[in-house]
Every structure is written in C-alpha cells, then in structure tokens.
Amino acid sequence: MRIAEKKKSQITALYEQCSNLPADVRSCLENGYFTVTVPPPWNMSNQKTAQEVQDKIKEWSRQYTGVVCYCFDSFSTLLYVL
C-alpha cells in the first residue's frame with residue numbers, strides 16, 4: 001500500500017469512529033482532515049462531557065501513526081494526516 005493510500009485509509013477509519021460520538025463531525029477528507037466539535041452550550045457544566053469525548057478521540061488517534069490530533073480547547077478537535 002502506498003503511503004498516500006495508507007494515510008487516507010487511516011484518516012477515513014478514524015473519521016468513521018468519531019462519527020458515532022455525540023458531537024458535530026465535519027468531513028474534509030479529500031483534503032486529509034476533519035473536525036470534531038461538541039455542540040453548544042459551551043460552558044463549564046458541559047466541559048467534562050466535552051473533555052471525555054476529546055480524550056476518547058486522542059486515545060483512538062494514537063493507533064494511527066499518520067494522523068495528528070490537535071485540540072484547540074476541550075470542545076474542538078482537528079484531526080489531519082501528515
């Protein structure tokens with residue numbers, strides 16, 4: 001499998017996992033990334049739930065060597081391939 005194909009399959013597999021989370025998952029897989037945002041209200045009472053979602057995403061992303069997980073805050077996450 002070529003490197004580009006491997007990276008595309010990794011980001012696609014992770015996207016499919018994240019699509020089942022209680023979050024807004026927006027695809028831009030043709031450009032090698034997608035975003036995950038826990039929906040509003042963005043307040044302290046929802047931060048724990050948002051952090052749990054993000055922790056799950058971080059754990060999953062570790063199994064894909066070509067994927068980078070970037071957390072803007074506990075509510076917003078960007079995942080992309082190198």
Side-chain angles (χ1 to χ4, degrees):
M1 182 181 294
R2 291 187 353 230
I3 292 174
E5 292 171 351
K6 182 178 180 182
K7 288 180 181 181
K8 184 175 181 178
S9 69
Q10 287 183 353
I11 197 75
T12 301
L14 186 54
Y15 171 79
E16 289 172 4
Q17 282 182 281
C18 291
S19 293
N20 295 315
L21 292 171
D24 181 19
V25 182
R26 303 245 175 147
S27 168
C28 196
L29 295 177
E30 64 276 2
N31 292 318
Y33 72 92
F34 67 94
T35 60
V36 180
T37 306
V38 173
W42 297 314
N43 56 34
M44 293 305 288
S45 63
N46 289 333
Q47 190 167 7
K48 181 180 182 210
T49 301
Q51 189 63 56
E52 289 170 355
V53 167
Q54 194 172 73
D55 289 344
K56 194 171 290 193
I57 294 168
K58 286 190 241 181
E59 178 184 329
W60 291 341
S61 69
R62 284 187 201 107
Q63 66 185 315
Y64 302 104
T65 57
V67 175
V68 175
C69 178
Y70 182 80
C71 304
F72 295 100
D73 55 34
S74 57
F75 297 98
S76 306
T77 309
L78 168 68
L79 296 117
Y80 62 95
V81 290
L82 294 173

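Residues: numbered from 1 along the sequence shown. Since this is a predicted model, take the numbers as computed values, not measurements.
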For Ala23 against Pro39, the heavy-atom pair lying closest together: CA-CD, 4.0 Å
Partners passing side-chain contact (heavy atoms from CB on, under 4.5 Å) against Gln17 (at least two apart in sequence or in another chain): Leu14, Trp60, Gln63, Tyr64
Check against side chain to side chain contact (heavy atoms under 4.5 Å, CB included), Leu21 and Ile57: CA-CA 9 Å; Leu21 292 171; Ile57 294 168; 3.6 Å; yes
Shortest non-hydrogen separation from Phe34 to Ser27 and the atoms involved: CB-CA, 4.0 Å
Common cluster, Val25/Val68, ILVMFWY with side-chain heavy-atom separation under 4.5 Å: no
Test salt bridge (charged side-chain N to carboxylate O under 4.0 Å, His left out) applied to Asp73 - qualifying residues, sequence neighbours left out: none
Rounded distance [0.5 Å steps], OG1 in Thr37 versus CH2 in Trp42: 7.0 Å
Test side-chain contact (heavy atoms from CB on, under 4.5 Å) applied to Thr65 - qualifying residues, sequence neighbours left out: Lys6, Gln10
Spacing of CG belonging to Leu29 relative to CD1 belonging to Ile11, to within rounding of 0.5 Å: 6.5 Å
Verdict with reasoning, Glu59 to Asp55, per side chain to side chain contact (heavy atoms under 4.5 Å, CB included): CA-CA 6 Å; Glu59 178 184 329; Asp55 289 344; over 6 Å; no
Minimum heavy-atom distance between Asn46 and Pro41, given as atom pair plus value: ND2-O, 2.8 Å
Counterpart residues, ring pair (Phe, Tyr, Trp, His ring centres under 6.0 Å), relative to Tyr33 (two or more places apart): none
Under 3.5 Å, which donor-acceptor pairs do the side chains of residues 74-82 form with other protein atoms, sequence neighbours left out?
| from | atom 1 | to | atom 2 | distance (Å) |
| --- | --- | --- | --- | --- |
| Ser74 | OG | Gln47 | NE2 | 3.3 |
| Thr77 | OG1 | Gln54 | NE2 | 3.0 |

Within residues 15-34 or reaching into it, pairs that qualify as salt bridge (charged side-chain N to carboxylate O under 4.0 Å, His left out) - sequence neighbours excluded: Asp24-Arg26
